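Just so you know, residue 1 is the first one in the sequence shown, and it goes up from there. All values reported here derive from a predicted model rather than from experimental measurement.
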Amino acid sequence: MFAVEVRDHMMIAHSLPREVFGPAQAMHGATFVVDAAFMTEDLDDNGLGVDIGLATVVLKDALAPLNYKNLDELDIFRGKVTTTEVLAKHIFDDLRRRIEAGELGPGGKRICRLKIMLHESHVARAWYEAAI
C-alpha cells in the first residue's frame, strides 16, 4: 500500500455540551493540525500514487468552510457534538466526495483508502480511516 499524506490546519470555536466533557462544555477555541493520507495499491507510470500538489489543495478546500468558524452555528453540525472524532469523519466524507468528483485528477481513481487524523495537541489526536 502506498500513501501520500498532506497536512494543513484549522482554527475553530465550539462547545461540547455534555457533562462528560467537563470544562470543554463551555465555548472554547481549538487549533487542529489535520493530516490526510491518500492510499493506493499501485503507482502510475510516473511513480506517483497521488499528485501531492492536488492533495494539498483538496485538503485546504475541505477545511475552508470550517476554518475560523463557530461550529455550533453551522447547520451541518446542528444536533451533533463536534468531537475530534466527529470532525475527522466529516472531513473524510468531504474528501471522499471530492475524490469521487475527480478533484485529485487521474490519480484519484486509484485511491482505495483514506485516513484523516486531527491532532488536538502535541499529546492527543484522533482519526477516521476507511476504504473508499
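- Separation of atoms NZ (K80) and CG (L74) is listed at 11.5 Å; rounding is to 0.5 Å.
- Between I116 and A36 the shortest heavy-atom distance is CD1-CB, 3.7 Å.
- The closest side-chain heavy-atom distance from V81 to F21 is below 4.5 Å.
- Grouping Ile, Leu, Val, Met, Phe, Trp and Tyr by side-chain contacts under 4.5 Å, direct or through others, puts M11 with Y68.
- Taking 4.5 Å as the limit, some side-chain heavy atom of V34 sits within range of a side-chain heavy atom of L59.
- For the pair T56/D8, no side-chain contact is recorded, criterion being any heavy-atom separation below 4.5 Å from C-beta on.
- Contact detail for C112 and M1: the closest heavy-atom pair is SG-SD, 3.8 Å.
- Rounded to the nearest 0.5 Å, atoms CZ (F77) and NZ (K69) are 11.5 Å apart.
- Shown here for A62 and L95, the closest heavy-atom pair between the two residues is CB-CD2, 3.8 Å.
- Ring pair H14/H28 is tilted by interplanar angle, where 30° to 60° counts as tilted.
- Note: the hydrophobic cluster containing Y128 also contains I12 (ILVMFWY, side chain heavy atoms under 4.5 Å, direct or indirect links).
- Not a single salt bridge (Lys or Arg N to Asp or Glu O under 4.0 Å) links D51 to another residue, sequence neighbours left out.
- Closest of all the heavy-atom pairs between L114 and F92 is O-CE1, 3.3 Å.
- Scanning both residues, F32 and L87, for their nearest heavy atoms gives CE1-CD1, 3.8 Å.
- Pairing each heavy atom of F38 with each of A55, the nearest pair is CE1-CB, 3.6 Å.
- Each salt bridge (Lys or Arg N to Asp or Glu O under 4.0 Å) pair with one or both residues in residues 117-132, not counting sequence neighbours, appears once here: R113-E129.
- With hydrogens and angles disregarded, no donor-acceptor distance shorter than 3.5 Å links the side chain of N46 to the backbone of L48.
- Residue L63 is grouped with residue L71 when hydrophobic side chains (ILVMFWY) are merged at heavy-atom distances under 4.5 angstrom, including chains of intermediate members.
- Panel note: side chain S15, backbone P17; no donor-acceptor pair is recorded below 3.5 Å.
- The backbone N or O of R7 lies less than 3.5 Å from no partner atom in the side chain of D35, so there is not a single donor-acceptor pair.
- Grouping the Ile, Leu, Val, Met, Phe, Trp and Tyr side chains by contacts below 4.5 angstrom, directly or via other members, places M39 apart from V6.
- Each of R98, K109, K60 was compared with E103 under the salt bridge (charged side-chain N to carboxylate O under 4.0 Å, His left out) criterion, and only R98 meets it.
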Are D93 and H90 close enough, and set up right, to give a side-chain contact (heavy atoms from CB on, under 4.5 Å), and what steps lead you there? CA-CA 5 Å; D93 290 341; H90 172 82; 5.9 Å; no

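- Screening I132, L43, L104, D42 against R110 for a side-chain contact (heavy atoms from CB on, under 4.5 Å) leaves a single residue, D42.
- Between L118 and the options V33, T83, I91, a side-chain contact (heavy atoms from CB on, under 4.5 Å) holds for only I91.
- No donor-acceptor pair under 3.5 Å is formed between the side chain of E100 and the backbone N or O of R97.
- Contact of the V4 side chain with the I111 side chain is not registered, since no non-hydrogen atoms from C-beta on lie closer than 4.5 Å.
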